[in-house]
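Scroll down for the structure; my scribbles are underneath it.
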Amino acid sequence: MTRRVIARGYGGPEVLTVVEVDPVPPARGEVAIEVRAIGVNPIDYKRYSGAFGTDPDSLPMDLGAEAAGVIVEVGEDATGPDGPLSPGDEVIAYPVDGAYADRLVVGADSVVRKPPSLPWNEAAGLLVAGTTAVETLDVIQVGSGDLVLVHGAAGAVGSCVVQVACGRGATVIGTARPGHHDYVRSLGATPVSYGDGLADRVRVLAPDGVDAVIDTVGGEEAVDVSVASVRDPSRMVTTLAVPRAVDAGFLGVGGKNPASRGVRRRLRSVVVDLADRGDLRVRVARTYWLAEAGRAHTELAGPHPAGKFVLLP
Ligand SMILES: NC(=O)c1ccc[n+]([C@@H]2O[C@H](COP(=O)([O-])OP(=O)(O)OC[C@H]3O[C@@H](n4cnc5c(N)ncnc54)[C@H](OP(=O)(O)O)[C@@H]3O)[C@@H](O)[C@H]2O)c1
């Protein structure tokens with residue numbers, strides 16, 4: 001039997017349950033993966049929380065967009081973006097629907113090779129945050145010489161944004177709580193505390209304003225400080241298309257933006273290469289057993305240590 005975590009209904013983590021199902025073989029163009037680690041993302045709990053509306057037809061709901069593991073079975077013509085796939089190949093599966101499982105059967109086009117340099121836990125948490133980060137930077141064309149403000153710089157996405165932006169030669173100011181300032185500094189950014197007075201603190205660091213803004217927070221303060229700080233309002237992008245950000249003219253990535261899907265697939269190899277070269281590091285903050293997914297979600301939704309949360313099958 002194989003195990004997977006599903007949401008039986010809409011609500012809090014109490015709706016999650018582990019179910020056991022018979023393993024299915026991969027069909028043509030598919031591979032079966034023995035999962036070693038699974039990335040946890042805020043979208044996972046937002047989907048069953050009802051934040052995006054409720055649809056009884058989508059229940060029970062499979063959870064999880066990314067995992068890393070070893071291919072154990074291959075269907076006919078299972079060729080991934082990196083070439084033909086074979087049993088024993090170590091891979092990262094993203095984007096997938098239902099990564100919270102100890103065995104996955106997915107289309108070969110959802111699988112990229114895991115470099116040997118990347119430990120399982122880091123590989124599992126790399127691609128949602130990493131591809132989102134690179135997409136945000138590309139959308140507003142962040143490059144050498146830019147002064148950039150990143151909201152949520154210690155977060156999974158924000159920490160990737162900081163590393164990639166610095167790698168491109170940008171100078172980064174990153175908001176974080178004081179306990180995360182050393183971490184943000186270690187990524188290459190100048191940390192600044194969010195909360196009352198943020199606009200003034202940013203002005204001290206950027207008296208002439210910033211060139212670009214990447215928001216991974218979506219709160220009123222992040223939006224308002226961005227508008228007050230950016231020189232060219234067309235260079236603001238957010239990972240959370242909240243009404244205030246949309247009204248302020250932020251560009252958005254992911255979500256219902258159909259262009260993002262193709263972009264993310266294309267960016268997988270870019271992000272894996274960055275990680276393989278050591279230019280993009282994933283810090284794993286906490287690991288949980290698969291059956292503890294609900295606890296992981298509760299803790300991720302509140303103040304938490306900087307880094308990715310990972311589930312182990
Ligand atoms: N559009 C997309 O495709 C896409 C993709 C991935 C993620 N997302 C969204 O992007 C957001 C971030 O995701 P993530 O995985 O990076 O989450 P995360 O790892 O939990 O990071 C969130 C960060 O937000 C910061 N934060 C919390 N409250 C704040 C406040 N009041 N002001 C400023 N910063 C605050 C935290 O900073 P401290 O820890 O320093 O307190 C934390 O590091 C989530 O809402 C997620 O759903 C969207």
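In listed order, ligands and their atoms are each counted from 1.
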Thr17 OG1 to Arg8 CZ distance, which is reported to the nearest 0.5 Å: 5.0 Å
Shortest protein contact, atom 7 (C) of ligand 1 (heavy atom only): Val157 CG2, 3.7 Å
Between Thr132 and Arg264, a side-chain donor and acceptor under 3.5 Å: yes
Cation over ring face, Arg47 and Phe52, 6.0 Å, 45°: no
Do Phe309 and His304 have ring centres separated by under 6.0 Å? yes
Only heavy atoms of Val253, strictly under 4.0 Å: list the atoms of ligand 1 that pass. 1 (N), 2 (C), 3 (O)
Distance col, row Glu90:CD vs Trp120:CH2, nearest 0.5 angstrom, shows 4.0 Å
Run the numbers for me: atoms of ligand 1, each under 4.0 Å from some heavy atom of Ala176, listed by number. 40 (O)
With a cutoff of 4.0 Å, is His180 in contact with ligand 1, counting heavy atoms of the residue only? yes
Hey, which atoms in ligand 1 end up nearer than 4.0 Å to a heavy atom of Gly254? 1 (N), 3 (O)
So which protein heavy atom does atom 11 (C) of ligand 1 come closest to, and at what separation? Thr216 O, 3.3 Å
Check ligand 1 against Thr132 and write out every atom of the ligand that is under 4.0 Å from a heavy-atom position of the residue. 4 (C), 5 (C), 6 (C)
Check whether any heavy atom of Glu135 sits under 4.0 Å from an atom of ligand 1. no
Could you tell me whether Gly155 and ligand 1 have an N or O pair separated by under 3.5 Å? yes
Run the salt-bridge test on Arg203 and Asp200 with the 4.0 Å N-O cut-off and return the result as yes or no. yes
Atoms of ligand 1, numbered as shown, that sit under 4.0 Å from any heavy atom of Lys46: 44 (C), 45 (O), 46 (C), 47 (O)
Can a non-hydrogen atom of Leu240 be found less than 4.0 Å from any atom of ligand 1? yes
Distance-only polar pair, side chains of Ser58 and Tyr10, donor-acceptor under 3.5 Å: yes
So, for Tyr194 and His180, is the gap between ring centers shorter than 6.0 Å? no
Lys308-ligand 1 polar pair, N/O distance under 3.5 Å: no
Please say whether Leu300 places an N or O atom under 3.5 Å from an N or O atom belonging to ligand 1. no
To the nearest 0.5 Å, tell me how far Leu290 CG sits from Tyr100 OH. 9.0 Å
Atom 29 (C) of ligand 1 protein-contacted, heavy-atom criterion under 4.0 angstrom: yes
Which ligand 1 atoms does Arg264 reach within 4.0 Å, using its non-hydrogen atoms? 2 (C), 3 (O)
